[in-house]
Amino acid sequence: MTGSAAAVRPLLDLAPDLDLDGITAESLRAAGHLKWTVSGPDLLGACAAEMDYGTAPPVTAALAEALGKGALGYLPQALADGLAEACAAWQRDSYGWDVAPADVRLLPDVVRAFHVAIDHFSRPGSPVIVPVPAFTPFLTVPGLLGREVIPVEMVRSAGRYVLDLDALDRAYTVGGHLLVLCNPHNPTGRVMETGELHAICEVVERHGGRVFADEVHAPLVYGGHRHVPYAATSPAAAQHTVTATSASKAWNLAGLKCAQMVLGNDADRDRWERLGRLATDGTSTLGAVAGTAAYRAGRPWLDAVLARLDHNRHLLAGLLAEHLPQVSHTPPEGTYLGWLDCRDLDLPGPDPATYFAAAAGVTTVDGGTCGAPGRGFVRVNFATTPEILTRIVRQLAAAAATA
Ligand SMILES: Cc1ncc(COP(=O)(O)O)c(C=O)c1O
């Protein structure tokens, strides 16, 4: 076996018990994943939202079978229909949300769904309302489409980030129309409760607004918390929302280009039928194969991943308390992202992420790219092995100590 084949193999051998033996920074780097190669050869990867666990065995098996059949052509309708049914069944079985498979439409990825929501499901020319801190494309994509962003700073309540309803109200008053509601939330890891969603719905309804609900992290929620689909909270929410989701985060399939948008009213259904290929093309055949297998048979592997991530989120908190006590951090309720407040470290350079990449050899996401309230923060991806996570925090701490 060649060196690179040896490096790739363990990721496909992990499941079902997620035994991480043999997974090292070197093997991950050799496998060539974006997170491990984005910033140079020697850095520990904690930036892009990819997991170091491969994917679920039923997904690998479905892909192998599809390849065996040479299923590399355009997306067949039967496969698209099967994915829509599998996605709807996942929503019903996991969250009690009754979605008609016919309302599940396919797109290549969640960011495309965001484009489509702005271009086709919000008032032409209207600014987009984005709670901050935010997943960076929520702040950059509207500008590419000729739209302004109205940032709405989230506030802290008992250590948890919540939406500021008065600020949201003002954002609608000054002309905002489409609210980006990312839940579970990247980067803060909040999982919103039903009462919060009802309160948001009231504000949206008062202004005749619309919601783009990004729920791609929904399967990645820890015990004690529960994902509640926003569109399932009331008929009004269902009417004014387009929801975007995908198996791409929970089953680690981002490169396969397959996401879903759930529609909730007749005008949107009509509108969708009139969309051109530029808006809707690009869902991949293998992505549909993988997404279907993930929704239908991926739950046992996901449970093993969640147990591992739950362990890691507490490990991260413990390591920070021990090695970087000046960094404040609340373990996330969902997602595999840690949101670290590094402002008290007083690090040199333009931002902590740049400093950590150079001085600690660790790539993180600069919180400043998540909007102004993220300045001085970094986002750390902890979906890795405990050994690598320990190295990451130790290296951050050593670099902070010499700043
Ligand atoms: C909240 C959120 N939305 C969307 C995406 C990107 O999804 P996609 O690759 O399907 O565009 C990510 C990726 O990390 C994300 O965290």
Side-chain angles (χ1 to χ4, degrees), residues 33-35 38 45-53 55 83 87 104-118 128 130-142 144-145 154 161 163 178-192 211-221 227 229-230 241-262 279-284 286-288 290-291 294-295 305 309 332-339 363-367 369-371 374 378-384:
H33 305 295
L34 175 72
K35 186 178 70 161
V38 68
C47 52
E50 300 174 328
M51 299 194 283
D52 293 340
Y53 311 138
T55 190
L83 173 60
C87 176
V104 179
R105 310 301 168 101
L106 306 193
L107 289 167
D109 54 48
V110 171
V111 172
R112 171 78 69 84
F114 184 42
H115 290 203
V116 170
I118 293 172
V128 178
V130 183
V132 282
F135 173 56
T136 308
F138 294 150
L139 296 167
T140 54
V141 167
L144 299 174
L145 300 171
M154 294 171 83
Y161 282 87
L163 214 57
L178 182 72
L179 165 67
V180 178
L181 188 61
C182 179
N183 180 46
H185 189 254
N186 172 2
T188 69
R190 261 313 310 285
V191 175
M192 287 186 202
V211 168
F212 173 75
D214 178 337
E215 302 188 352
V216 70
H217 292 277
L220 296 165
V221 168
H227 174 69
Y230 175 73
T241 301
V242 290
T243 300
T245 193
S246 169
S248 65
K249 291 295 124 187
W251 288 274
N252 217 19
L253 302 168
L256 285 180
K257 293 291 157 199
C258 179
Q260 301 87 52
M261 185 184 248
V262 182
T280 55
D281 260 16
T283 303
S284 95
L286 291 180
Y295 287 134
V305 165
L309 293 175
E333 300 165 355
T335 80
Y336 46 78
L337 308 169
W339 183 237
T363 61
T364 58
V365 170
D366 168 25
T369 65
C370 303
V378 292
R379 195 192 78 179
V380 169
N381 176 341
F382 58 79
T384 189

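When a ligand or atom number is given, it counts from 1 through the structure's own listing order.
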Please confirm whether K257 comes under 4.0 Å of ligand 1, counting heavy atoms of the residue only. no
Which residue and heavy atom of the protein sit nearest atom 9 (O) of ligand 1, plus the separation: D109 CB, 4.2 Å
Is any N or O atom of S246, backbone or side chain, closer than 3.5 Å to an N or O atom of ligand 1? no
So, the side chain of R190 versus the backbone of Y161: is there a donor-acceptor pair under 3.5 Å, distance only? yes
Check each atom of ligand 1 against the heavy atoms of C182 and keep those under 4.0 Å away; list them by number with element. 1 (C)
So V38 and C47, do their side chains get closer than 4.5 Å, heavy atoms only? yes
Determine whether the side chain, the backbone, both or neither of R112 has a heavy atom under 4.0 Å from any heavy atom of ligand 1. neither
Do me a favour and list the nearest non-hydrogen protein atom to atom 6 (C) of ligand 1 with residue, atom name and distance? F135 CZ, 3.7 Å
To which of L220, T136, V110 does the heavy atom nearest atom 7 (O) of ligand 1 belong? V110
Flag, side chain of Q260 to backbone of L83, donor-acceptor distance under 3.5 Å: no
Do any nitrogen or oxygen atoms of K249 lie less than 3.5 angstrom from nitrogen or oxygen atoms of ligand 1? yes
Would you say that L181 contacts M192 through its side chain, given a criterion of any heavy-atom pair below 4.5 Å between the two side chains? yes
Would A49 count as being in polar contact with ligand 1, using the rule that some N or O on each side must be under 3.5 angstrom apart? no
If I take atom CG from residue D52 and atom CZ from residue F382, how far apart are they, to the nearest 0.5 angstrom? 12.5 Å
N/O donor-acceptor pair under 3.5 Å between T283 side chain and C258 backbone: no
Check whether any side-chain heavy atom of Y53 sits under 4.5 Å from a side-chain heavy atom of L309, and report yes or no. yes
Quick check: does V216 get an N/O under 3.5 Å from an N/O on ligand 1? no
Could you name the option among L107, D214, L337 that has the heavy atom nearest to atom 3 (N) of ligand 1? D214
For ligand 1, does N186 get within less than 4.0 Å through its side chain, its backbone, both, or neither, judged by non-hydrogen atoms? side chain
Do the ring planes of F114 and F212 sit parallel (below 30°), tilted (30 to 60°) or perpendicular (above 60°)? tilted
